[in-house]
Chemist: 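The structure's right below; bear with me while I get my questions together.
In what follows, residues are counted from 1 in the order of the sequence shown.
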Amino acid sequence: MASVPSLAATVHQRVTDALSAALPEAASADPLLRRSDRADFQANGMLALAKKLKGNPRELASKVVEHIPVAATSADPDPVIADIEVSGPGFLNITIADSAITATLAARAADDRLGVPFAPDAGTTVIDYAQPNVAKEMHVGHLRSAVIGDAVVRILEFSGEKVVRRHHIGDWGTQFGMLIQYLIEHPHELDHKDTATSGEEAMSNLNRLYKAARALFDADAEFKERSRRRVVDLQAGDEETIALWRKFVDESKLYFYSVFDKLDMEIRDPDVVGESGYNDMLAETCRLLEESGVAVRSEGALCVFFDDVKGPDGKPVPLIVQKSDGGFGYAATDLSAIRDRVQHLQADNLLYVVDARQSLHFKMVFETARRIGWLNDRTHAVQLAFGTVLGKDGKPFKTREGETVRLVDLLDEAIDRAAAVVREKSEKLGLTEGEIAERGAQVGIGAVKYADLSTSASRDYKFDLDQMVSLHGDTSVYLQYAYARIQSILRRAAEGQKPAAHPELPLSPAERAMGLHLDQFAETVREVAKGYEPHKLASYLYQLASLFTTFYDQCPVLTAEGGPSQVENRLFLCELTARTLHQGMDLLGIRTPERL
């Protein structure tokens, strides 16, 4: 089905056409249409136009109004605009016809995508997100990259973009020499079972081994030297060393996937391409940079310099691609990844969901890639930088002992808190313990995700579980409850009471407000996809749930005073609201239980 033009787009076109007819010299002027509390829409473009044409804005506005068909003067049996008036210094206050609101919503309801256009030629985006480290536990710092990245993937794919996921896990480096050497000398540590039976067991195995290896590394100089030689073997591709390294990676993946599963996220094995995946490209990347003159040797290291990047001493801070001892830094890996993503994956856009504290690094990496031509006018790279998760005290989230909070512990507590809230409400619904547990997980994980996604990615936010699982305020539970309430209404509808649009019926203020907001869904999704801003979708959904609450309080549905037709029309508004909430929440990666 073709996309459904919004009422805003239709009105914008009507005013633009009227501008061209009334004032040919202003054919390209923007009417500056926006939602208004004085009417449904307000066009403010007359003021700037009058200044340009040296005319009176009210007089110009009046001329434009003469060319806009409205219900009272139009022969159109289905007018879009019910009324339009010139206000103040030349604003146009525009009121939409009730029939147009309902008819437009009916067109959206007839489309499985609720009128959101699908653009399969939008291009290819490679998105780098959810980047845990092998042999290390995931902590609260890993939360935002995973949650924000997953939501952006869903939104882009729904919009028609071809999305390639990349999970750039930390699976290479000097610590693996220590771990592998210890495992060689203590082969029983991971061999007591062929594999761990759960993610928690896998992490327990790795934690125990890491602590033992670290203790020996710090206490035994000879073991430290053997570990350093083992790093060389790893980088050289020694068969035994690589086999043991893979054992660490596989054990870690089992753990990663268990955490992502708890987060209700799909992480596919082919999408996990860690630092090691670009190892064979590093030397060539350095050669290309040096031969092109983009990178130069400085005190033995291969560096890229920038005039606008200086340290505290005022001297330029370079991007070190290769160290003076021949080792490769993060920059070499990240630049090799760009080469692979542009040349092999044919990416049009590279999106990195990475902590804001790495912004300087990525600024230099992207500029280096532009200088050599891997990024250009056709292929762009963007860092979707995110802020820090804070505790209630406004400081970085830590345990009482001052340690970083384990992500699994945080998620389990959210689920437990949510299950308690569900249990309080379960008596009326007659939920079983299994259903309470299932809904507790959906509500708890949804609460964590929504708290993150309802905040602009660049901002820090406070992790407050009491607020997150509240039925009141801007929380996912409030949205989930609104959805479940609608499902309850639809279930209670008597036989013969079916959702059906009736454009001939007048709408109450609460119906109009909700209807006009429902009509903005497609435009909201498009804006969110364009700017990688899931918080705007969260805000839209919260406003929709709030408008439904007002509608529910003011407009009886099953006992509507206007008879069967009004019952059907209100059921239609309820059903479309539920579908929009469900689709929007799904794009954020949040479940919507049918009963809550």
Side-chain angles (χ1 to χ4, degrees), residues 138 140 143-144 146-148 150-151 154 258-266 389 392 397 405-455 461-491 534-535 537-546 548-549 552 574 577-596:
M138 293 177 69
V140 67
L143 179 64
R144 300 206 73 185
V147 170
I148 296 169
D150 182 59
R154 289 167 176 267
S258 73
V259 178
F260 290 129
D261 185 61
K262 193 180 291 282
L263 268 169
D264 200 13
M265 285 173 48
E266 180 189 26
V389 181
K392 289 183 182 181
F397 202 12
V405 178
R406 293 198 326 156
L407 184 53
V408 169
D409 292 343
L410 183 148
L411 298 178
D412 285 342
E413 185 179 357
I415 292 170
D416 289 344
R417 294 278 193 96
V421 172
V422 173
R423 182 171 278 105
E424 284 181 21
K425 302 285 184 180
S426 65
E427 290 184 12
K428 293 181 181 178
L429 298 176
L431 299 179
T432 65
E433 280 300 312
E435 290 170 328
I436 291 172
E438 179 186 19
R439 283 164 177 74
Q442 293 175 346
V443 172
I445 297 302
V448 170
K449 288 184 175 183
Y450 187 83
D452 192 318
L453 296 170
S454 60
T455 304
Y461 80 95
K462 292 182 181 180
F463 195 94
D464 183 348
L465 274 177
D466 292 330
Q467 173 59 29
M468 288 180 185
V469 299
S470 172
L471 285 168
H472 308 288
D474 189 4
T475 67
S476 67
V477 190
Y478 179 69
L479 273 64
Q480 289 169 323
Y481 188 69
Y483 175 82
R485 174 177 275 174
I486 295 173
Q487 296 306 316
S488 175
I489 293 171
L490 296 174
R491 284 192 300 270
H535 72 279
L537 178 56
S539 176
Y540 170 89
L541 295 171
Y542 172 64
Q543 290 175 50
L544 178 57
S546 300
F548 170 75
T549 299
Y552 181 80
C574 285
T577 299
R579 286 178 58 196
T580 304
L581 283 170
H582 174 78
Q583 181 63 76
M585 295 282 272
D586 183 67
L587 292 177
L588 296 179
I590 299 173
R591 303 279 185 177
T592 42
E594 298 291 308
R595 298 172 187 263
L596 191 60

Chemist: Applying side-chain hydrogen bond (donor to acceptor under 3.5 Å, both in side chains), name anything that partners R423, two or more places apart in sequence or on another chain.
Modeler: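 Once residues adjacent in sequence are excluded, the partners of R423 under the side-chain hydrogen bond (donor to acceptor under 3.5 Å, both in side chains) criterion are E433.
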
Chemist: Give me the atom names and distance for the closest heavy-atom approach of D150 to G589.
Modeler: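 Reported closest heavy-atom pair: OD2-CA, 4.3 Å.
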
Chemist: For M585 versus L541, what's the shortest heavy-atom pair and its separation?
Modeler: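 Scanning both residues, the minimum pair turns out to be N-CD1, 3.7 Å.
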
Chemist: Side chains of M468 and L465: closer than 4.5 Å at any heavy-atom pair?
Modeler: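 A side-chain contact exists here, since the closest heavy-atom pair is under 4.5 Å.
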
Chemist: Using ring-ring contact (aromatic ring centres under 6.0 Å, His included) as the criterion, list what pairs up with Y481, not counting sequence neighbours.
Modeler: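 For Y481 there are no ring-ring contact (aromatic ring centres under 6.0 Å, His included) partners, ignoring immediate neighbours.
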
Chemist: Mind checking side-chain hydrogen bond (donor to acceptor under 3.5 Å, both in side chains) for T577 and listing every partner two or more places apart, or none if nothing turns up?
Modeler: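 Counting only residues at least two positions away or on another chain, T577 forms no side-chain hydrogen bond (donor to acceptor under 3.5 Å, both in side chains).
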
Chemist: Counting C-beta onward and ignoring hydrogens, is there a side-chain heavy-atom pair between V443 and Q480 closer than 4.5 Å?
Modeler: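 SC-SC contact between V443 and Q480 confirmed.
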
Chemist: Using side-chain hydrogen bond (donor to acceptor under 3.5 Å, both in side chains) as the criterion, list what pairs up with D409, not counting sequence neighbours.
Modeler: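 Listed in chain order: R406.
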
Chemist: Considering residues at least two apart in sequence or located in another chain, which fulfil the side chain to side chain contact (heavy atoms under 4.5 Å, CB included) criterion with A484?
Modeler: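 Only L596 meet the side chain to side chain contact (heavy atoms under 4.5 Å, CB included) criterion with A484.
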
Chemist: Using the ring-ring contact (aromatic ring centres under 6.0 Å, His included) criterion, which residues pair with F260? Sequence neighbours excluded.
Modeler: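 Here no residue qualifies.
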
Chemist: Taking the side chain as every heavy atom from C-beta outward, state whether L581 and T592 have any pair of such atoms under 4.5 Å apart.
Modeler: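 No - every pair of side-chain heavy atoms lies 4.5 Å or more apart.
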
Chemist: Would you say K262's side chain and A441's backbone share a donor-acceptor pair under 3.5 angstrom?
Modeler: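 No, the answer is negative, given that no donor and acceptor are paired below the 3.5 Å cut-off.
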
Chemist: Do Y540 and T580 have side chains that approach each other closer than 4.5 Å (heavy atoms only, starting at C-beta)?
Modeler: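 SC-SC contact between Y540 and T580 confirmed.
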
Chemist: Would you list the pairs meeting salt bridge (charged side-chain N to carboxylate O under 4.0 Å, His left out) in which at least one residue belongs to residues 462-489, sequence neighbours left out?
Modeler: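 Output for this query lists K392-D464, K392-D466, R417-D466.
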
Chemist: Got a sec, which residues hit ring-ring contact (aromatic ring centres under 6.0 Å, His included) with Y461, two or more places apart in sequence or on another chain?
Modeler: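 Residues passing ring-ring contact (aromatic ring centres under 6.0 Å, His included) with Y461: none at all.
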
Chemist: Partners of R144 by side-chain hydrogen bond (donor to acceptor under 3.5 Å, both in side chains), sequence neighbours excluded?
Modeler: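 Scan of R144 (side-chain hydrogen bond (donor to acceptor under 3.5 Å, both in side chains), adjacent residues dropped) gives D452.
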
Chemist: Can you list every salt bridge (charged side-chain N to carboxylate O under 4.0 Å, His left out) pair that touches residues 577-595, not counting sequence neighbours?
Modeler: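 As it turns out, the salt bridge (charged side-chain N to carboxylate O under 4.0 Å, His left out) pairs with a partner in residues 577-595, which skip direct neighbours, are R154-D586, D264-R591.
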
Chemist: Could you pull out all residues at least two apart from S546 that satisfy side chain to side chain contact (heavy atoms under 4.5 Å, CB included)?
Modeler: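 Applying side chain to side chain contact (heavy atoms under 4.5 Å, CB included) to S546 gives Y478, Y542.
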
Chemist: In chain order, what residues pass the side chain to side chain contact (heavy atoms under 4.5 Å, CB included) check against V421, with sequence neighbours excluded?
Modeler: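 Expected list: V469.
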
Chemist: Does any part of the side chain of V477, heavy atoms only, come nearer than 4.5 Å to the side chain of Y450, both counted from C-beta?
Modeler: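 With C-beta onward as the side chain, the pair stays apart.
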
